Amino acid sequence: MLRTHTCGEARASLAGKEVTLAGWVHTRRDHGELTFIDLRDRYGITQVVAHAKENPAAHKALGKARNEWVLRVRGTVRPRPEGTKNPKLPTGEVEIAASEIEVLNESKTPPFYVNEETEVEETLRWKYRYVDLRRERSRDIIKLRHEVTNFIRNFFVERGFWEIETTMMIRSDPTGARDFIVPSRYYPGKFWALPQSPQQLKQILMVGGIDKYVQIARCFRDEDPRADRIYELTQLDVEMSFAEPDDVMSIVEECYTAVFERFAKKPLHRKPWPRITFDDAVRLYGSDRPDTRFAMELVDLTDAFRATSFAVFRDVIADGGAVRGIVVPGKAGATRKDIDGWTVVAKTKGAKGLVSFAIAGSEIRSPVAKFLSANELAELRRTSVAKDGDLVLAVAADYHTASMSIGTLRSHLGATLGLADESAHHAMWVYRFPMFERTPEGGWTFSHNPFAGPLTAEDANLMETDPGEARSSQYDLVIDGNELGGGSIRIHNRALQERALEILGVPKHEAAVRFGALLDALEYGAPPEGGIATGMDRTVMILAGLSNARETIAFPKTQTGYDPLLDAPAAADPKLLEELGLRVVAKPEKHD
RNA sequence: GGUCCCGUGGUGCAGCGGCCUAGCAUACGUCCCUGUCAAGGACGAGAUCGCCGGUUCGAAUCCGGUCGGGACCGCCA
């Protein structure tokens with residue numbers, strides 16, 4: 001090694017010892033005859049000093065060095081003179097009196113500060129990620145990710161799980177997200193797909209008797225990215241044979257509890273974690289991933305307006321719908337503009353409108369007050385338990401739509417009004433999901449994935465008679481209102497799997513083509529099994545308190561998937577396209 | 001596919017019709033300086049205000065378009 005110690009190791013115990021350090025110039029303080037530099041590496045920062053009279057050569061070299069130059073420093077560790085120790089640095093007791101400086105490499109002036117915590121535009125950070133990674137903040141996040149990943153891997157391996165890598169080139173299937181595809185040279189016109197998850201493969205591993213599988217798996221989904229969503233995501237992928245839902249939830253809860261206790265900045269609010277049914281989550285929070293860091297539970301106002309002459313409520317209730325609301329504390333004074341904004345939020349989940357009721361003393365102000373009787377308003381106040389100065393917001397629609405609309409508004413208000421308790425992480429399980437949900441077209445879609453099994457034998461029967469009532473074995477891990485992952489006990493019987501796919505609109509013959517391998521495997525002694533996948537990017541995001549997932553990965557892309565570091569995507573060599581049997585028909589885009 | 005916000009020396013911000021010959025901080029360069037640690041001091045260089053077009057006597061500033069970035073909706077089993 002070019003060094004004997006790292007820049008984080010210098011301590012009083014090394015005093016008098018000759019050491020060699022290598023690292024980057026963090027800052028330089030030139031006092032003329034006396035020059036200091038702080039030398040930085042991954043491990044820390046050490047002050048190096050040289051005096052013009054004591055060591056002219058070293059002093060000259062330090063004077064010439066600039067930020068981010070790479071130096072090798074030989075010198076003697078010595079205690080700093082009394083009164084010049086720096087308690088802010090772990091190495092602040094000592095300094096290196098330089099005897100020899102070797103410039104390993106010079107550096108251009110960096111495009112942004114390494115030694116300061118200023119915000120820098122992301123595209124620039126990603127383009128110069130090698131500079132950005134030297135910054136303390138970036139390094140800490142990447143280190144955290146490494147430690148969390150390593151901890152989780154060890155956790156499962158220690159419990160008998162085998163880590164198995166699954167292939168990254170699989171069969172494309174038009175369910176779920178859009179696939180990234182890879183052309184084939186031997187089979188021109190045919191394509192592999194990058195896996196959206198190793199779902200089918202891990203189930204096939206169970207059929208192969210692997211019993212317990214774990215993988216920190218890269219997954220690819222070509223959907224428009226968001227702050228917490230990226231093209232390439234990493235998931236903790238786990239599968240267990242002969243498992244029941246509680247087995248999977250228990251081991252993941254144990255793992256995540258350990259992870260949060262070790263790496264999070266704040267405690268978990270409850271152990272063991274609460275488990276809430278999907279129905280209760282919708283009823284109380286209007287969400288399948290409730291943020292319980294604040295209360296503001298939904299109230300049901302249907303009964304208060306059951307006899308109303310107000311047409312909007314009356315018609316919805318007559319159709320079997322519901323009036324669902326929330327009480328916003330102290331917001332009776334909300335402006336028309338506020339309420340219009342909240343109406344837009346509620347409408348994104350299907351609400352036709354939003355009705356507000358401001359509780360002002362004995363009076364209730366509402367745009368629809370004139371259509372409602374005094375009795376109904378009194379009942380509204382009683383049912384909602386709204387206090388003077390509160391604002392009640394309500395949506396009338398079918399029960400699910402009304403609940404989800406108000407729930408979305410609840411989340412929005414929680415975020416914008418800063419209602420969440422920031423002193424603890426709220427982890428929970430949501431379970432007893434419906435197996436199928438209605439699509440806007442009137443068909444069925446799955447709430448988890450097409451391989452999730454029914455919760456009980458009774459639910460399996462309901463798949464035949466009344467699919468909408470069948471409950472799934474699915475369970476979701478939710479932390480602070482974020483869906484961190486989900487899993488289920490899988491269907492391990494070909495006929496039942498075919499039936500499930502049929503309900504989802506995939507006829508048997510088509511299923512045999514699209515899911516042939518898995519369906520065939522189910523006929524060769526597939527064990528009952530289940531598992532889970534959780535998002536590592538989001539996990540690290542929450543642990544580090546970040547608002548976007550890009551910072552948790554080493555080489556991020558922009559919102560449109562552009563990689564500023566590698567300048568990708570890029571055109572392919574025409575010869576390669578020829579070999580692959582591809583011709584580009586898209587108009588070239590002009591990117592500046 | 002859609003909505004909203006942003007684009008000003010290397011970086012981060014201010015300026016939002018004329019007072020801008022574009023301001024501040026920091027970084028950068030030269031010089032001074034023996035105990036600093038965000039060192040200090042003096043001087044200096046560095047920007048056609050993303051791009052195109054329009055309105056106006058006059059545009060960084062207003063309008064339209066476009067490119068890029070971000071947040072969100074759709075989408076994301």
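Just so we're clear, the structure is a prediction, and the values are computed from it rather than from any experiment. So that the names make sense, note that chain A is the first sequence line, chain B the second, and so on, each numbered from 1.
- Atom CG of Asp132(A) and atom P of U11(B) are 14 Å apart (whole Å).
- In this structure, Tyr128(A) atom OH and G10(B) atom C1' are separated by 10 Å, rounded to whole Å.
- Taking only distance into account, the side chain of Arg80(A) meets the base of C37(B) through a donor-acceptor pair shorter than 3.5 Å.
- Here U36(B) presents its P atom at 10 Å from CD of Gln47(A), a figure rounded to the nearest Å.
- Using N1 to N3 plus N6-O4 or O6-N4 for Watson-Crick, or N1-O2 and O6-N3 for G-U wobble, each under 3.5 Å, U3(B) pairs with A71(B).
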Apply side-chain hydrogen bond (donor to acceptor under 3.5 Å, both in side chains) to residues Thr123(A) and Arg125(A) and explain how you reach the verdict.
CA-CA 5 Å; Thr123(A) 317; Arg125(A) 290 178 59 196; over 6 Å; no
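- Rounded to an integer number of Å, the gap from Arg226(A) CZ to G1(B) P is 14 Å.
- Residue Thr560(A) is in sugar-phosphate contact alone, with no base atom involved, counting any heavy-atom pair closer than 4.0 Å across all strands shown.
- Taking the P atoms as reference points, C13(B) lies 13 Å from C6(B), given to the whole Å.
- Counting atom types as modelled, Arg229(A) pairs a side-chain N or O with a base atom of C76(B) as donor and acceptor under 3.5 Å.
- Note on ring orientation: taking the six-membered ring where Trp is involved, the planes of Tyr128(A) and Phe112(A) are perpendicular (angle over 60°, cut-offs 30° and 60°).
- The base of U26(B) lies outside donor-acceptor range of the side chain of Glu116(A), with no N or O pair under 3.5 Å.
- Under 3.5 Å, the side chain of Arg66(A) and the base of G29(B) form no donor-acceptor pair of N or O atoms.
- In this structure, the CD atom of Glu121(A) is 13 Å from the P atom of G50(B), given to the nearest Å.
- No engagement by Arg125(A) is indicated, since no non-hydrogen atom pair under 4.0 Å with the nucleic acid exists.
- Taking 3.5 Å as the limit, the base of G10(B) and the side chain of Tyr113(A) contain a donor-acceptor pair of atoms between them.
- The separation between Glu82(A) atom CD and G35(B) atom P is 17 Å, rounded to whole Å.
- Side-chain proximity of Ala227(A) to A38(B), C72(B), G12(B): nearest is C72(B).
- With Phe294(A) as the aromatic partner, Arg410(A) meets the cation-pi criteria of under 6.0 angstrom to the ring centre and within 45 degrees of the ring axis.
- Rounded to an integer number of Å, the gap from CD1 of Ile37(A) to P of C37(B) is 16 Å.
- Among the nucleotides C37(B), U34(B), A71(B), the one closest to any side-chain atom of Asn86(A) is C37(B).
- Considering only side-chain atoms of Ala177(A), the nucleotide from G12(B), A71(B), C76(B) that sits closest is C76(B).
- Taking only distance into account, the side chain of Glu95(A) meets the base of G35(B) through a donor-acceptor pair shorter than 3.5 Å.
- Each of G35(B), C75(B), U11(B) was ranked by its minimum atom distance to the side chain of Glu223(A); first place goes to C75(B).
- Between Asp30(A) atom CG and A38(B) atom P the separation is 17 Å, expressed in whole Å.
- Of the candidate nucleotides C28(B), G1(B), C33(B), C28(B) has the atom nearest to the side chain of Thr109(A).
- A cation-pi arrangement, defined by a distance under 6.0 Å to the six-membered ring centre and an angle within 45 degrees of its axis, is absent between Arg171(A) and Trp192(A).
- For His31(A) against U34(B), no side-chain N or O and base N or O form a donor-acceptor pair under 3.5 Å.
- Below the 3.5 angstrom threshold, one finds no donor paired with an acceptor across the side chain of Asn548(A) and the base of G70(B).
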